[in-house]
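Report on one structure; see the data block that follows.
Small disclaimer: the values here were computed from a predicted structure and weren't measured.
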Amino acid sequence: MARHKKGEDINGWLIVDKPRGIGSTDVVNMTRRMFKAKKNGHAGTLDPFATGVLPVAFGEATKLLPLVTDGRKEYEFVLQWGAETNTGDSEGEIVSRCEKVPCRKDILAVLPQFIGEITQVPPAFSAIKINGQRAYDLARRGEDVAIPERKVEVYSLELLEELPDRQAKFRVMCSKGTYVRALGRDLARKLGTLGYLQELRRTKCGKFSLEDTILLENLKKVVHTDALKEFLLPLITSLRDIAVLAVSEADAARLRLGQGLSPKNYDIDNLTGKQAVAVFEGSPAAIVRIDERKISPVRVFNC
């Protein structure tokens, strides 16, 4: 009996421009097969309705998924005035209507009310778990879905342009856990009308932006795995804003074994009490926590 190959050890980031109509997990499974990879995962779920930046981590990069997922997100969205759907987007059923279309002056006047820490109730059609079940599964069965409100942070919200057909385009920078569909719904209600998202596109996720992405259709055209690997970004790419500590080969090996280092051989004056990425010849060995007595590994990389 032939032995089943588990896949190759591939490390790095693939930043996909996710198309509309497929889920984030579908992208993960598809790219794992393309690269014949042993392990991968995504940061920051995008609904099938949404498009844009979806970071896919391979191998050791999966250890950094929480850092990317917890980072700020930026979206552009088109809000359709005059109706509300049960999903908060154009794929749902219209449940109520209103003829009012807000003017530019009124829109600009209420935007500041949605900047800072705000409270929102996520849509019933969302991936939030209620008593162990996904909210969208309950909603599809026609059950009443009571999702508790949550606090999120909106760092910026701007009107980009007013569009034909009773629509307007916005850009928002927000924290993890923000539901842009709920934001659009609540913005419309505050303006005395109703609204739902006609389009939703993520333009930034953590340190990654649209400039880092590749289209799935372009990946599918690449036949050889080695050629596909050229699209991978280095592990350290997601750590662009963290300090770098260059270490010796021997100390890199110690960190990878989970051992701490003496700070005596390193210039840590500006790093005390902070985290840094310890690097040997461009390859990250570990994320470390630095204090006056010890350089301690927080998360190690075996690549």
Side-chain angles (χ1 to χ4, degrees), residues 17-21 44-53 71-128 135-136 139 145-205 209-211:
D17 187 344
K18 190 191 84 64
R20 185 167 178 165
T45 302
L46 280 177
D47 295 333
F49 162 74
T51 68
V53 179
R72 295 185 178 191
K73 315 290 193 303
E74 183 185 85
Y75 299 87
E76 292 183 1
F77 62 97
V78 173
L79 192 56
Q80 178 72 58
W81 305 115
E84 202 168 281
T85 67
N86 58 353
T87 60
D89 58 44
S90 59
E91 298 190 343
E93 298 179 5
I94 292 178
V95 293
S96 53
R97 295 182 182 273
C98 177
E99 291 302 315
K100 181 180 178 181
V101 176
C103 67
R104 181 181 183 86
K105 179 181 178 181
D106 289 343
I107 295 172
L108 295 176
V110 303
L111 289 184
Q113 298 179 42
F114 290 88
I115 298 174
E117 186 177 77
I118 65 171
T119 301
Q120 62 175 200
V121 177
F125 284 83
S126 65
I128 292 173
Y136 53 66
V145 181
I147 301 179
E149 63 181 21
R150 57 168 62 185
K151 289 183 178 180
V152 296
E153 188 84 11
V154 174
Y155 306 105
S156 64
L157 177 60
E158 56 184 314
L159 173 66
L160 296 180
E161 59 179 320
E162 294 178 285
L163 301 171
D165 301 322
R166 302 159 61 95
Q167 296 177 358
K169 187 175 185 179
F170 298 84
R171 179 188 294 126
V172 61
M173 177 76 77
C174 55
S175 67
K176 169 188 175 182
T178 303
Y179 276 84
V180 183
R181 287 179 291 155
L183 179 65
R185 175 201 65 202
D186 296 344
L187 176 59
R189 289 177 179 177
K190 179 65 72 172
L191 286 161
T193 185
L194 300 173
Y196 63 86
L197 265 60
Q198 191 67 252
E199 296 177 16
L200 175 61
R201 183 161 177 77
R202 186 157 66 194
T203 51
K204 292 182 181 179
C205 182
S209 65
L210 284 173
E211 288 73 23

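- Between atom SG of residue C205 and atom NZ of residue K73 there is a gap of 4.5 Å, rounded to the nearest 0.5 Å.
- With values rounded to the nearest 0.5 angstrom, T178 atom OG1 is found 13.0 Å from F114 atom CZ.
- In this structure, the separation between NZ on K204 and CZ on R171 is 8.5 Å, given to the nearest 0.5 Å.
- Under the salt bridge (charged side-chain N to carboxylate O under 4.0 Å, His left out) criterion, the residue pairs touching residues 79-88 are E84-R189, with sequence neighbours excluded.
- Residues V180 and L197 share a closest heavy-atom pair of O-CD1, 3.8 Å.
- One N or O on the side chain of D89 and one on the backbone of E91 form a donor-acceptor pair closer than 3.5 Å.
- Note that the CE atom of M173 and the CD atom of E158 stand 9.5 Å from one another [nearest 0.5 Å].
- Residues A168 and W81 approach most closely at CB-NE1, 3.7 Å, considering heavy atoms.
- Of the possible polar contacts, one joining the Q80 side chain to the D165 backbone as a donor-acceptor pair under 3.5 Å is found.
- Judged as a ring pair (Phe, Tyr, Trp, His ring centres under 6.0 Å), and not counting sequence neighbours, the contacts of F77 are F170.
- Here the shortest heavy-atom pairing between V121 and R185 reads O-NH2, 2.8 Å.
- Judged by distance alone, the side chain of R202 and the main-chain N or O of G44 form a donor-acceptor pair under 3.5 Å.
- Rounding to the nearest 0.5 Å places CD1 of I115 at 12.0 Å from SG of C174.
- Across every non-hydrogen atom of Q120 and A182, the tightest pair is NE2-CB, 3.8 Å.
- Counting all heavy atoms, side chain and backbone alike, G52 lies closest to L46 at O-CD1, 3.9 Å.
- Distance alone, capped at 3.5 Å, places no donor-acceptor pair between the T85 side chain and the G92 backbone.
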Q.
Q113 vs D186, test: side-chain contact (heavy atoms from CB on, under 4.5 Å). Steps then yes/no.
A. CA-CA 11 Å; Q113 298 179 42; D186 296 344; over 6 Å; no
Q | Derivation of the side-chain contact (heavy atoms from CB on, under 4.5 Å) call for L187 and L111 | A | CA-CA 8 Å; L187 176 59; L111 289 184; 4.0 Å; yes
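- Side-chain N or O atoms of R150 include none that pairs as donor or acceptor with a backbone N or O of P122 at under 3.5 Å.
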| request: Show your working on side-chain contact (heavy atoms from CB on, under 4.5 Å) between I118 and L183 and close with a plain yes or no. | output: CA-CA 10 Å; I118 65 171; L183 179 65; 4.2 Å; yes
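- Surrounding CD of E161 are more than 12 heavy atoms belonging to other residues, nucleotides or ligands, all under 6.0 Å away.
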side-chain contact (heavy atoms from CB on, under 4.5 Å) assessment of E76 paired with L160 = CA-CA 9 Å; E76 292 183 1; L160 296 180; 4.0 Å; yes
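- If you take CD on E211 and CG on D17, they are separated by 10.5 Å, rounding to the nearest 0.5 Å.
- A salt bridge is defined here as a Lys NZ or Arg NE, NH1 or NH2 lying under 4.0 Å from an Asp or Glu carboxylate O, and D47 with K18 fails to meet this definition.
- Scanning all heavy atoms of the two residues, the minimum distance from A188 to L194 falls at CB-C, 3.4 Å.
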For residues 97-104, tabulate all N or O donor-acceptor pairs below 3.5 Å that involve a side-chain atom, not counting sequence neighbours.
| unit_1 | atom_1 | unit_2 | atom_2 | d |
| --- | --- | --- | --- | --- |
| K100 | NZ | L191 | O | 2.9 |

